[in-house]
**Q** 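First, the structure itself, so that you have it in front of you.
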Amino acid sequence: MREYSLRSKAQTFLSTCSLCYCVREVVSVYDGEGIAIGLSIAQIQPKMVWFILGFVAISLIAVYAYNRFIYTYWWRQGVPYISPSVPFGNFWNVITQRECFAEGYRAIYDRCTGPWVGFFLLHKPVLMVKDPELIRTILMTNFANFHDRGMYVNEKNDPLSAHLFSLSGQKWRKLRAQLTSTFSSGKLKRMTPIMVSCTEELSLHLQECEDVVELKEILASFSTDVIASCAFGIQCNSLRDPNAEFRKWGRKMFEPGPENTFRSILCFLYPSIASFLRVRSMVSGVTEFFQSVVRETIEYRETKDISRPDFMQLLIQLKNHGELQDDEPDKQTILSTDKTSLTENEVTAQAFVFFFAGFETSSTTINFCLYELAMNQHIQARLRKEISLVLDQHDGKISYEAVQSMEYLDRVVAETLRKYPPLGWLNRECTGSFSLPGTPCVLEKGTGIVISLLGMHRDPLYYPDPDKFDPERFTEENKKSRPHCTYMPFGEGPRICIGASSFK
Ligand code: HEM
């Protein structure tokens, strides 16, 4: 047995720090089985002890002073703020996973009594904006000063990170222009049969199930099947096969746990450190999976000259021609005239973000909607009546037009998205300095901005009795009575969710 005669942690620390300077003698003792190194505190010169203690004390004071300085940022700016604590700022509950990000932001929203409030995400000063008029300025009228999200992108080491959601500046602008028309109503209409065939599968599956079903898993599999067919043209049948590859990776990407939390905090708050450390924004294996799926799909379609009415086909067109060979030119594509073709990695990143951004959001929405319908039987009865009536008028078939004419369904979905916005907040980065209206404060370039959707959607000021599920809040008349930018489940302005049109 090896025996180390260092008696305390202090001694261990001292011995490692000061080995070169103050060890007078190192005694090797043979105890019969191994070597033990003996070093006693008495063997360290007193001068060195004072030096080390002084060094530690100065370091602690420096760290404290640095934290104090950082944490007085909003005070120095003259902006009201929520007192942070060292070293997690105002995000202790999120870091320790007692709250998710959306709940953490909502707590700040609820504590804020004015139009905006400063807070700290660890050490990063962020401004939460509550005032609908200022929100409108940031998201729409002054978009030029807030066009980015300040997210992690590393095209070289993490090609999947270079997708529409995280790209900034000119790159985002060009890509958004190219991709916007892939979500035009005409193209969505042509994809409807693909979605309908997935719903038929769902219906068959439910008939085969027992009385009690794990709906969350079933809906996650259903959404996976829909997005995999629409985005990749792949029938993965995860409803029947819970271990289907797409479902497996979808599960891994959204698995709550310290690894995913740490990764998102690093990529979201310290993108340059994440980039330097070559951290990947997704769990390992995801990049390789999506790269191989896209490569094989492109190869298969190009060698066999196969065309399908799905996103992958449109992305292939953008890869080969830099624009869509379009039968229905889209007004919104005037954002940019750059028609550079997409590389295969760019195609992969976009196909990935359609999957990543589309599958969990849709599945969560259906989940909460069904939950509320179960809890509110009178709403369910009214909705069933409308659906039956409309289907009767369309030969009993679900079609794009049939769904478009279901007004009450629209209200029920809108109320679900109000109460449970799948993305609970919006964020922007100040891309040019900006004066906060009516104050001497100038927001510096790089300042983070957060808008709490969960906070706004549950604010009794805009939605009296906010926990009540009430689709009547979305009649045309009631919608008009609320200020603009108080209902934004898909975001707002030029960076609004690109998939929003598929829900209207
Ligand atoms: C219930 C369903 C969905 C919800 C609630 C939702 C919500 C959102 C929100 C809040 C944003 C941020 C907007 C902003 O910052 O102003 C966003 C962005 C985005 N969403 Fe969705 N989304 C949904 C479905 C989808 C689907 C089905 C797709 C694709 C197939 C998609 C693709 C995207 C993309 C690519 C962006 C980034 C847009 C950009 O920065 O230009 N989303 N979504």
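Predicted model only: the values in this text are computed from it and were never measured. Remember, it's 1-based here, ligands and their atoms both numbered in the order they're listed.
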**Q** Consider only side-chain N and O atoms of Glu201 and Asn237, and report whether a donor and an acceptor are under 3.5 Å apart.
**A**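 Result is no, nothing qualifies.
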**Q** Indicate, as side chain, backbone, both or neither, the part of Arg176 found under 4.0 angstrom from ligand 1 when only non-hydrogen atoms are considered.
**A**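 Within the 4.0 Å criterion, Arg176 contacts ligand 1 through side-chain atoms alone.
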**Q** For residues Phe143 and Trp172, establish whether the separation of their ring centroids is below 6.0 Å.
**A**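 Yes; Trp172 has its ring centre under 6.0 Å from that of Phe143.
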**Q** Between ligand 1 and Phe359, can you find any atom pair, the residue atom being a heavy atom, that is separated by under 4.0 Å?
**A**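 Phe359: no contact with ligand 1 (<4.0 Å).
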**Q** Relative to each other, are the rings of Phe119 and Phe91 parallel, tilted or perpendicular (30° and 60° limits)?
**A**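 Parallel.
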**Q** Ring pair (Phe, Tyr, Trp, His ring centres under 6.0 Å) between Phe368 and Phe469: does it pass, once the steps are laid out?
**A** CA-CA 11 Å; Phe368 280 121; Phe469 186 81; over 10 Å; no
**Q** Look at ligand 1 and say whether Arg428 reaches it with a heavy atom at a distance under 4.0 Å.
**A**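 Arg428 counts as a contact of ligand 1 under the 4.0 Å cut-off.
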**Q** Number the atoms of ligand 1 from 1 as they appear, then name those within less than 4.0 Å of a heavy atom of Ala357, with their elements.
**A**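 Counting atoms of ligand 1 from 1, those under 4.0 Å from Ala357 are 24 (C), 25 (C), 31 (C), 32 (C), 33 (C), 42 (N).
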**Q** Which ligand 1 atoms are under 4.0 Å away from a heavy-atom of Pro422?
**A**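 Atoms satisfying the 4.0 Å criterion: 5 (C).
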**Q** Quick one: does ligand 1 sit under 4.0 Å from the side chain of Thr365, the backbone, both or neither, non-hydrogen atoms only?
**A**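 It is the side chain that gets close, since no backbone atom is under 4.0 Å.
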**Q** Contact between ligand 1 and Arg149 is defined here as a heavy atom of the residue under 4.0 Å from a ligand atom; is it met?
**A**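 So Arg149 counts as touching ligand 1.
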**Q** In a check of side-chain hydrogen bond (donor to acceptor under 3.5 Å, both in side chains) between Asn345 and each of Gln350, Glu155, Gln291, which one passes?
**A**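 By the side-chain hydrogen bond (donor to acceptor under 3.5 Å, both in side chains) criterion, Asn345 pairs with just one of Gln350, Glu155, Gln291: Gln291.
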**Q** Provide the number and element of each atom of ligand 1 under 4.0 Å from a heavy atom of Glu492.
**A**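 Answer, ordered by atom number: 16 (O).
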**Q** Which ligand 1 atoms are under 4.0 Å away from a heavy-atom of Gly491?
**A**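 Answer for ligand 1: 10 (C), 13 (C), 14 (C), 16 (O).
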**Q** With distance as the sole criterion, is a donor-acceptor pair present between the side chains of Thr431 and Asp148 under 3.5 Å?
**A**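 No, no side-chain donor-acceptor contact under 3.5 Å.
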**Q** State the CZ-SG distance between Phe359 and Cys230, to the nearest 0.5 angstrom.
**A**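 Between atom CZ of Phe359 and atom SG of Cys230 there are 14.5 Å.
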**Q** Looking only at heavy atoms, is any part of Pro489 under 4.0 Å from ligand 1, and if so is it the side chain, the backbone, or both, or is it neither?
**A**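 Backbone only.
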